[in-house]
Structure formats: structure tokens, C-alpha cells
Amino acid sequence: MKALRKMHAARGLSLETATTPAFGPSDVLVRVRAASICGTDLHIYGWDRWSQGRIKPPVTLGHEFCGVVDSVGGEVGAVKSGDFVSAEMHVNCGHCHQCRVGEAHICQNLRIIGIDQDGAFAEFVKIPAANIIKLDPAIPERYGAILDPLEMRCTPFWPGRLRGGRHWLRVRADRIDVHRSGQGLWSFYRVCHRNQPAAAGNGQENGRGRSIESCGGGCSC
Ligand SMILES: [Zn+2]
Ligand SMILES: [Zn+2]
């Protein structure tokens, strides 16, 4: 298959012929239909200081994508061939202390598909079935390919309660401006869901979420 890969510890990427990923009994092989370029990919392309300390070539980039399930492992039941999907690309180990106490998002052994292992800038990508997110086939592929950054724009908020019972909702804002509409909709949903009024802050602080610490590429993924 064709794959856009970082082959050497130097600036640039190259289009390579790669082996279609082998997948295990709990994995899903997805035929990629669309992928988007993250700021992290640009860091890796440019081979900046962060990339030099994190990336271990050769590796196929791409951690924002959507596609159609091609094959599934023998233990996979919730996903089938032909499903339209995207995926959570942070893969936790399931065994460390954080994973065992329900804090898998800060897993000590967290790996990111497309950064620490081969990703979606290829015809096929291997994803653990637990990370697969089914999509409505009516969703255009151009939107299915940006669900990763959209999720990051939707989750970084902090709800709280003031004296007297009023609720507040603080929403951060930083680089991925294109997703602010999604962020706002999510915030609106949460407030409505609780049926509580909200007082929004100005979001000046750049309080990056935990995933950015693991990704570290300077973007908001
Ligand atoms: Zn873990
Ligand atoms: Zn990203």
C-alpha cells in the first residue's frame, strides 16, 4: 500500500510503498478515506526539537482520519466490515496504575497512532477495536477526518458551582479556531442538559489538556 512516512531523522516525508498492517484478534483494519493534517504533522515534517526527541523513524504519520472497516480480528464483535468509522488515536496500556484507577487518559505508557506507531496517512491503518468510533454514514468524509481536533476543542472546559447554587462553565480557547463553533455547541448542550445557567469566562488562559502533554507537538491534539 502507499503510505506517507517519516523515513529518516531529518526534515521531510516521503511517499513509500509499505506493507499492509498485520492486525491481531482485537484489532480493526480500516481503509482510510480521508485524513487531515495536524500541526503536529508539520512539526514532524520540519523535524524540530520536539520531533527529534519523540519520533522514531520509520513511521507513518496521520492521526486524524475517517475510513471504512476492511477487516476485523476474531475477537471483535462491535464493528464489522463496511462500517464508517473514525478512532481515538491515544492507545492506553490498560495495565499501569492510572489505567487501573480509571485515569487511562494519563496512562504511563500512552502511545499515539500516527506518532509512536504507524498511522493513517496510508491506504490502511490498524486500530484497536476499543478505540474505534462508529460514524453515521451521512457524515461527509471531510468532517469525519477532523473529529480528533474537534473532540479536543469540546472537552477542555471546567464546570463549577457558585455559592447560591448557580453553575458556571469555563471554556478555553486557543489555536484551533475552526472548531470553536463545535466547542460552543458542546458547551451549550452541557448547560442545557443540566438545565442550569452558565457564566462563561473569557478563556484567556492557555490551559492545555492532558492529551497535548502526551502529544507535545505544539498543536492542540
Ligand atoms: Zn496505562
Ligand atoms: Zn493532532
Side-chain angles (χ1 to χ4, degrees), residues 3-6 11-13 24 26-27 30 32-57 59-67 85-122 125-133 135 141-157 172-183 186 206-221:
L4 191 60
R5 312 198 78 200
K6 187 77 170 177
R11 178 183 174 86
L13 299 171
S26 61
D27 292 326
V30 180
V32 177
R33 297 298 302 265
S36 61
I37 301 170
C38 177
T40 301
D41 300 319
L42 301 181
H43 286 277
I44 299 171
Y45 174 87
W47 201 237
D48 63 6
R49 181 177 299 179
W50 170 81
S51 301
Q52 294 172 27
R54 176 64 180 266
I55 304 301
K56 304 287 186 290
V59 65
T60 300
L61 303 193
H63 57 272
E64 301 171 4
F65 83 106
C66 65
V85 300
S86 185
E88 165 57 71
M89 301 296 255
H90 297 78
V91 181
N92 61 290
C93 74
H95 303 292
C96 72
H97 174 75
Q98 282 79 5
C99 284
R100 290 175 182 271
V101 298
E103 300 285 341
H105 58 291
I106 51 173
C107 167
Q108 296 177 27
N109 307 303
L110 195 71
R111 294 176 61 82
I112 303 177
I113 302 171
I115 291 177
D116 302 309
Q117 62 194 65
D118 289 341
F121 288 170
V125 60
K126 179 186 72 172
I127 306 287
N131 287 55
I132 289 288
I133 299 170
L135 301 179
E141 292 172 357
R142 63 182 182 277
Y143 296 142
I146 60 169
L147 293 183
D148 179 286
L150 175 62
E151 179 268 343
M152 291 310 300
R153 300 310 306 131
C154 291
T155 54
F157 63 86
R172 83 177 193 194
D174 57 14
R175 296 185 185 182
I176 305 187
D177 294 339
V178 69
H179 298 301
R180 284 184 180 165
S181 58
Q183 177 189 60
W186 177 249
N206 188 17
R208 291 183 173 182
R210 286 158 174 159
S211 293
I212 181 61
E213 295 168 9
S214 59
C215 175
C219 67
S220 292
C221 73

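Start at 1 and go down the list; that is how both ligands and their atoms are numbered. Being a predicted model, the structure only gives us computed values, none of them experimental.
For the pair H63/I113, no side-chain contact is recorded, criterion being any heavy-atom separation below 4.5 Å from C-beta on. For the pair V59/D118, a side-chain contact is recorded, criterion being any heavy-atom separation below 4.5 Å from C-beta on. Contact check for L110 versus I106: no side-chain heavy atoms found under the 4.5 Å cut-off.
Counting heavy atoms of neighbouring residues, nucleotides and ligands inside a 6.0 Å radius, atom CG of L42 exceeds 12 of them.
For a distance bound of 2.8 Å, the N, O or S atoms of C107 include one lying that close to the Zn ion (ligand 1). Inclusion of C96 in the first shell of the Zn ion (ligand 1) is supported: an N, O or S atom falls under 2.8 Å.
Take the Zn ion (ligand 2) as the corner point: the lines to NE2 of H63 and to SG of C38 open at 110°, to the nearest 10 degrees.
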